[in-house]
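For reference, the structure discussed in these notes is given below.
Hydrogens, waters and symmetry mates play no part in the numbers below; they use all other heavy atoms, side chains included. Every number for a ligand or one of its atoms is a count from 1 in the order of the listing.
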Amino acid sequence: MSTPTDTAAPQTSDLRVRGFQPLVAPAVLRGELPLGPDRAALVAHSRAAVKDVLAGDDDRLLLVVGPCSVHDPAAAKDYAQRLAAAAAPLADDLLVVMRVYFEKPRTTVGWKGLINDPHLNGTHDIGLGLRLARQVLLDVLDTGLPVGCEFLEPLSPQHIADAVSWGAIGARTTESQVHRQLASGLSMPIGFKNSTDGDLAGAIDGCRSAAGEHTFFGVDEDGRASIVSTSGNPDCHIILRGGRGGPNYGPADVRDALALLAKHGMPERLVVDASHANSGKDHVRQAEVVRELGDRIALGERGIAGLMIESFIEPGRQEPAPLETLVYGQSVTDACVGWDETERLLNELAAAVRAGRERRA
Ligand SMILES: O=C[C@H](O)[C@H](O)COP(=O)(O)O
Ligand SMILES: C=C(OP(=O)(O)O)C(=O)O
């Protein structure tokens with residue numbers, strides 16, 4: 001009879017792992033591209049402003065607007081300069097946060113964003129991706145705009161989150177314990193999207209989970225694998241982005257969502273994403289959704305603290321490909337509203353906020 005020691009032990013781990021490469025330590029990257037006191041002040045100030053708008057203590061509308069994904073740092077900077085100039089005169093009505101998304105959650109497979117594959121060619125130079133992403137964040141902050149992004153990779157926030165004023169947990173990860181734990185330790189307000197099937201319970205549970213203390217696996221400043229303990233993030237909210245059953249931005253959907261929040265003892269405030277399943281990823285429809293929401297805000301509808309718009313320089317989308325072959329300033333993920341239409345929407349939303357304010361006075 002043979003015993004396990006008679007033969008060489010078969011390999012049982014890493015059978016499908018092709019390789020490991022060291023990741024730059026967060027402290028090293030932050031030292032190479034420091035935030036600095038002026039940008040840190042902008043981040044701290046804008047996080048507090050976002051929190052106030054979400055709580056209803058500031059009657060402006062939070063507007064998270066920008067490309068579905070950043071693939072070209074130069075175009076992101078160009079967009080940021082346009083957005084900063086357009087947002088400045090509207091600052092009494094709109095709290096504009098630029099959407100600067102570097103990590104894309106895919107339904108199955110596809111380009112996963114600038115950090116994962118900065119050359120858009122499957123070479124996955126993540127070291128370069130992290131550096132480019134951090135530089136984009138600093139460049140956007142230098143225009144005076146705060147930044148919002150989705151947090152997807154559990155370890156990347158240590159490299160970039162010091163520069164971020166608002167964060168999202170996406171529809172595909174809102175029920176993930178890993179992401180809820182992550183949100184519990186993040187230093188900015190976090191929005192949990194409803195699930196892709198349209199269910200709101202996962203997003204509400206996400207906020208409740210992230211508000212609590214957690215202990216989990218992570219990395220420290222020096223990139224050492226660590227046991228991380230967090231105190232909980234009380235500044236979480238839900239985002240309505242529609243689902244497989246259709247949109248959920250209508251007045252009845254918002255009323256139902258607010259009632260569900262109240263049932264859980266949560267503030268009756270939420271953000272609506274005009275893109276994704278709320279517009280069928282159609283950028284022309286997205287602008288119509290924004291206008292419908294603007295009309296309702298002007299009529300004094302309560303509970304809508306913020307909107308999200310996917311917008312870039314050129315309207316529409318294109319397939320991801322190496323940068324030199326792409327149309328400048330056009331999305332390589334979901335279709336975006338173009339710049340001219342974005343500028344019109346910003347002005348219309350600011351007017352809607354003013355009208356809503358007057359109505360309530
Ligand atoms: O916002 C981007 C997309 O909606 C998300 O990453 C999913 O995209 P996919 O279904 O094309 O993978
Ligand atoms: C992936 C995104 O959205 P959702 O999680 O709602 O699909 C996104 O905003 O890029």
Pairs of nitrogen or oxygen atoms closer than 3.5 Å, one from Val109 and one from ligand 1: do any exist? no

Whether the side chain of Asn194 engages the backbone of Gly202 through a donor-acceptor N/O pair (distance < 3.5 Å, no angle test) should be reported. no

Taking only heavy atoms of Tyr101, which atoms of ligand 2 are found under 4.0 Å from at least one of them? 8 (C), 9 (O), 10 (O)

Side-chain donor-acceptor contact under 3.5 Å, Asp125 with Thr123: no

Is Asn248 reaching over with its side chain to a backbone N or O of Asn278, donor-acceptor style, under 3.5 angstrom? no

Purely on distance, is any nitrogen or oxygen of Lys281 under 3.5 Å from one on ligand 1? yes

Specify the closest pair of heavy atoms between Met98 and Pro67, including all atoms of both residues, with the distance to one decimal. CE-CD, 4.2 Å

Could you tell me the residue and atom name of the protein heavy atom closest to atom 5 (C) of ligand 1, and the distance to it rounded to 0.1 Å? Pro105 O, 3.3 Å

Taking both backbone and side-chain atoms of Asp273, is any N or O found less than 3.5 Å from an N or O belonging to ligand 2? no

Any N/O of Ala171 closer than 3.5 Å to an N/O of ligand 2? yes

Scanning both residues in full, the closest heavy-atom pair of Arg241 with Thr196 reads NH1-CA, 3.9 Å

In terms of residue, atom name and distance, what is the protein heavy atom nearest to atom 11 (O) of ligand 1? Arg106 NH2, 2.9 Å

A student checking ligand 1 against Lys104 at a 4.0 Å heavy-atom cut-off should list atoms 1 (O), 2 (C), 6 (O)

Are side-chain N/O atoms of Asn347 and Glu343 paired as donor and acceptor at under 3.5 Å? no

Sole residue of Val64, Leu95, Val147, Val43 in side chain to side chain contact (heavy atoms under 4.5 Å, CB included) with Ser165: Val43

Atom 2 (C) of ligand 2 sits nearest the protein heavy atom His276 NE2, 3.3 Å

Name the closest protein heavy atom to atom 10 (O) of ligand 1, giving the residue it belongs to and the distance to 0.1 Å. Thr107 OG1, 2.5 Å

State, to 0.1 Å, how close Ala321 and Leu326 come at their nearest heavy-atom pair, and which atoms those are. O-CD1, 3.3 Å

Within 4.0 Å of some non-hydrogen atom of Cys68, the atoms of ligand 1 are 1 (O), 2 (C)

Tell me which one of Arg106, Lys193, Arg241, Lys104 gets a heavy atom nearest to atom 10 (O) of ligand 2. Lys104

Over all heavy atoms of both residues, which pair between Arg180 and Ser209 is shortest? Give the atoms and the distance, please. CB-OG, 3.5 Å

Show which atoms of ligand 2 fall inside a sub-4.0 Å distance from at least one heavy-atom site of Gly170. 5 (O)

Take every heavy atom of Asp334, measure it against each atom of ligand 1, and state whether any distance is under 4.0 Å. yes

Heavy-atom pairs closer than 4.0 Å: do any link ligand 2 to the side chain of Lys281, the backbone, both, or neither? neither

Going only through I, L, V, M, F, W and Y residues with side-chain contacts under 4.5 Å, is there a path from Leu62 to Val65? no

Please report the shortest heavy-atom distance between Trp166 and Gly191, naming the atom on each side. NE1-N, 4.2 Å

Has Met308 got any heavy atom lying under 4.0 angstrom from an atom of ligand 2? no

Check: His276 N/O within less than 3.5 Å of ligand 1 N/O: yes

Give the atoms of ligand 2, by number and element, whose distance to some non-hydrogen atom of Pro105 is under 4.0 Å. 1 (C)

